[in-house]
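So that the names make sense, note that chain A is the first sequence line, chain B the second, and so on, each numbered from 1. Predicted model, so just to flag it, every value in this text is computed and none were measured.
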There are 2 protein chains.
Amino acid sequence: MTSIRPRPATITDIARRAGVSTATVSYVLNDAPGARIPEATRERVRSVADELGYVPHASARSLRTGTSDLVLHVQMDVVQGPLASRFLHDLSHGLRELGYTLLQYGAERSRGVKAARAWAAMRPSAVVAGDDRLTPAGVELLRKADIHVFAVGTPPERAKELGVSTLTMDHHGLGARAGEHLVGRGCRDIAVVVPREDTLRQMGERRLEGVRSAVERTGPGASVRRYEMDWTPESAAELVGTWVAEGLPDGVFGYNDEFSGLLLGALLDADVRVPEQVGLVGADDVMLCRMLRPRLTSVRLESEEPGATARRIVEAVRERAAVHLSPWKPVLVERET
Amino acid sequence: MTSIRPRPATITDIARRAGVSTATVSYVLNDAPGARIPEATRERVRSVADELGYVPHASARSLRTGTSDLVLHVQMDVVQGPLASRFLHDLSHGLRELGYTLLQYGAERSRGVKAARAWAAMRPSAVVAGDDRLTPAGVELLRKADIHVFAVGTPPERAKELGVSTLTMDHHGLGARAGEHLVGRGCRDIAVVVPREDTLRQMGERRLEGVRSAVERTGPGASVRRYEMDWTPESAAELVGTWVAEGLPDGVFGYNDEFSGLLLGALLDADVRVPEQVGLVGADDVMLCRMLRPRLTSVRLESEEPGATARRIVEAVRERAAVHLSPWKPVLVERET
DNA sequence: TAACCTAGCTTAATCGCATAACCGACGCCT
DNA sequence: AGGCGTCGGTTATGCGATTAAGCTAGGTTA
C-alpha cells in the first residue's frame, strides 16, 4: 500500500504539459524582461499553470537567486499594545507592496547568538528584533550572513555600538507632552511612575526625562518625583499608600494606560478624588481610557504615513546602510483626568 | 570598487577547510545514523564549522529533503487577548521541542485562495489559520500541496465540510459558566451581548447558547434576552439607553471583558448601581477587571498542559489525520460585579 | 595467496528554480 | 547566393544540502 503523498506541481510539470521547456515557463511566470515570447505561448503556459494549481516554491527560488524576500520580526517580550499591532499590520502591508514578506518569528524568549542562529537559518533579508533579543555576538553573526538588523527600542549609543538600524518610539517626546499637560492643569508636584520590569523600565526612564524637561521648560519650580511600580493591583495600592502617607502629588503620569488604570482604581479605593485632587495621564490611548470613570486622559503615538516606513526600511536593507527611524509623534488626548 | 557582500559559510567551505568531502560534513553535522566516521574527524569538522560560524541553510535543506519544519500561524483579524498570546507562546515552545518552527504569517487580512497561495509558497508542514481566512478553494489548494490545515474557531460541521483539523475554544461552556453564575446570584432577567462585528459575532452566538442552556438547566423560568453591540463607547451608551427604556435586566453577560468594561462605564453614567441593580460578567479575565470599580467578575479559559497540544498537532500532521482540539476549560473568577 | 570484510571515506545525483548563453529557422538585404 | 538580424525558443549550469551507492586501503579468514 504505497500511499502517494500529493506533490505540488513544479515548473517541470507545467513545461511538460504545455510542450515547452522549463526555461520558457520560468520566463513567462516571472514576466522576465527581455524574454521574447509571444502572447500565444504565454497564454498557454499560464493556463496550464493554474490548471495545475501551481504555486512557486519560495525556498527553491531564494536558493537559486541568493536573495530572499523575507523580513523576520521578533516580538518583544512585553505584551503588545494596539500601537504595536497596528504598526505591524501596516508594516506587513507596506513590505508586501514592495515584494517582501513579513514573518513573525517565535514567541519564546530566546536571545543572543542562539536566537540569531535560528533567524539566520532562514536567510531573511532583514531581522526586526526587540532590543532585548540582541547581543553583540548575535548581531555579528547576522552581519556575517548579510542580514540587516533593525533593533526596536534601542537607544542611539547602543545602536552605534552594535552597528544596527533602529526603530524607536519617541519616549522623551511622549513624556514631554504628558508633562506639559499636567503643568498646564496647574500641577506643581508631579509623580512619574516607572515600571520595575526591566524592558519597560528603560522606556519609563526616558519618559520620565521627557516629563522633567517639559516641566523645567514650562513650569519652573514644580517638582517631579520618581516612583517604581509593578503591573499588579497590589503594587498600585502600595504606591498610593506611600503617596497618602508622604503627601499626595497633584499630578501623576502613570507610564501608560494600563499602569494608570491600576493606579486610578487604587486612588479611588483610597478615597482620593480624581481629577480634583490628583490629575492623571496615561499613554497609548487604548479603549480602556473610555471604560474608566473618570475617563482617562492619555498621550497617544500616531504613526505618520505607514507606507513610508516600509519604504525606508527596504531602502536601508538594499543599500546596507544603517538608518534610525522613529515614525510616531505624540499627541495628547484630553479627557476627564 | 567591487564591494563583496558577505557570503555565509556553506558545507562546501567547511569541507575544504577540514580536508574532507561535503558528504562527510553533512553526515557529521546531522549526526547521521549509520555513518561510519571516527570521532577525530567529527571533531575536526565541528571545530571548523563553528570557526566559520556556519549556519545551515534552511531552504536548501528543505528543498532537498522535501520536508519542512515550518508551521505557519495566521492570526485572526481580531485583536489578540492574553489567552491567545500565551497559547502562541506555549505552542511555539512545544513545537520547537519537537523540531518544528512556528512562524506567524502576515498581519494583513488577505484570505481565501490568494492567501492560501502565499502560505503554500513557503511549503510549511502545517498552517494554523483563523476560520475567517479559510475558504473551501483555499483549503483545497493547501491539501494539494500536502499542507495540513488547522482551522481556529471553526464549528464542527464546517470543519467536516472543509476536511480540516480544528483548534477551538469552548464558547458554549464559557457562556454556560457565566449563565450559572448569574442564575446563582438570583438573576431572572438576563441580557446577553453579542458583538455586531462578523468574526466576533459567531463566537458571541455560541456563548449566548451556552448561557441559554445553563439558564434552562439551573434557573428555569428565567429569561434570556439577546442584544447586539459594537465595540465603541457610543454603542454601549445606546444599549444601556435601550435597557433603561425597556426595563433593566438584572444580569448581563457582556461577551468579554472589553465589551463589559464599556458597558460598565455606560451603566454608571446612567446612574445604574452595579452590582446591586445589575450583575455583570465578562470573559477572559484580563487585568482590566481589576482596574474597574466595581471590579469585574469574569470567566477565563485556562489552558491545560500546553505541551500536550503541540504534541497532538504534530501527531496529526505526521499522520495526515484530522483532529479536533479544544485545550481550554472555562473557570469563573468572581469579583464584585 | 586469493577472497572477503570492514572502516572511512568520496562520488554523484537530485530537489525546484533562474538565467546566461546558445541555436535553428526564417526573412531581408546586397 | 551568402551574410545578417530577429524571433522563439532550448540547453546547461548552479544555488546548498542530503543521501544512496561506490571505492580504496588494510586486515582477516579460508
Exercise for the section: Without swapping roles, check the side chain of T166(A) against the backbone of T168(A) for a donor-acceptor pair under 3.5 Å. Expected result: no
Would you list the atom pairs, donor with acceptor, under 3.5 Å between side chains in residues 135-144 of chain A and any protein atom, with sequence neighbours excluded?
unit_1: T135(A); atom_1: OG1; unit_2: G138(A); atom_2: N; d: 3.2
unit_1: E140(A); atom_1: OE1; unit_2: R143(A); atom_2: NE; d: 3.4
unit_1: R143(A); atom_1: NH2; unit_2: L162(A); atom_2: O; d: 3.2

Practice task
Assign R7(A) to base, sugar-phosphate, or nothing according to its heavy-atom contacts below 4.0 angstrom with the strands shown.
Solution key: sugar-phosphate
Completion exercise
One would report the end-axis bend of the helix from dT1(C)-dA30(D) to dT30(C)-dA1(D), five pairs per end and rounded to 10 degrees, as 80°
Problem - Atom-pair distance (CG on L63(A); C1' on dG14(D)), nearest Å - result: 9 Å
Practice task
Quick one: label S62(A) by what it contacts on the DNA or RNA (base, sugar-phosphate, nothing), any heavy atom closer than 4.0 Å.
Solution key: nothing
Practice task
Have a look at S59(B) and say if it touches a base, only the backbone sugar-phosphate, or nothing, with a 4.0 Å heavy-atom cut-off.
Solution key: nothing
Practice task
Before accepting this row, confirm whether a basic side-chain N of the pair D31(B)/R42(B) lies closer than 4.0 Å to the acidic partner's carboxylate O.
Solution key: yes
Handout entry: For R61(B), all residues meeting salt bridge (Lys or Arg N to Asp or Glu O under 4.0 Å), sequence neighbours excluded
Key = none
Handout entry: Counterpart residues, side chain to side chain donor-acceptor pair (under 3.5 Å), relative to S26(B) (two or more places apart)
Key = N30(B)
Handout entry: First-last contacting nucleotides on DNA chain C - partner chain B, under 4.0 angstrom, heavy atom
Key = dA7(C) to dG16(C)
Practice task
Step through the shown structure and confirm whether more than 12 heavy atoms of other residues, nucleotides or ligands are within 6.0 Å of CZ on R312(A).
Solution key: no
Handout entry: Length of the CD1-P vector between I14(B) and dG16(D), whole Å
Key = 12 Å
Exercise for the section: Decide whether S165(B) and H148(B) meet the rule of one side-chain donor and one side-chain acceptor closer than 3.5 Å. Expected result: yes
Exercise for the section: Determine whether L70(A) and Y100(A) make a side-chain contact, defined as any pair of heavy atoms from C-beta on separated by less than 4.5 Å. Expected result: no
Exercise for the section: Indicate, with a heavy-atom threshold strictly under 4.0 Å, whether V25(A) touches base, sugar-phosphate, or nothing. Expected result: nothing
Fill in the blank from the handout: Protein-proximity profile, nucleotides 17-25 of chain D, B/S/- by nucleotide at the 4.0 Å heavy-atom cutoff, equals BBBB-----
Exercise for the section: Taking R123(B) for its side chain and S68(B) for its backbone only, find out whether a donor-acceptor pair lies under 3.5 Å. Expected result: no
Practice task
Dump the intermediate steps for side chain to side chain contact (heavy atoms under 4.5 Å, CB included) on V323(B) and E315(B), then the final yes or no.
Solution key: CA-CA 9 Å; V323(B) 294; E315(B) 204 174 300; over 6 Å; no
Practice task
Take R46(B) and V28(B), measure what side chain to side chain contact (heavy atoms under 4.5 Å, CB included) needs, and give me the verdict at the end.
Solution key: CA-CA 8 Å; R46(B) 276 196 280 255; V28(B) 170; 4.1 Å; yes
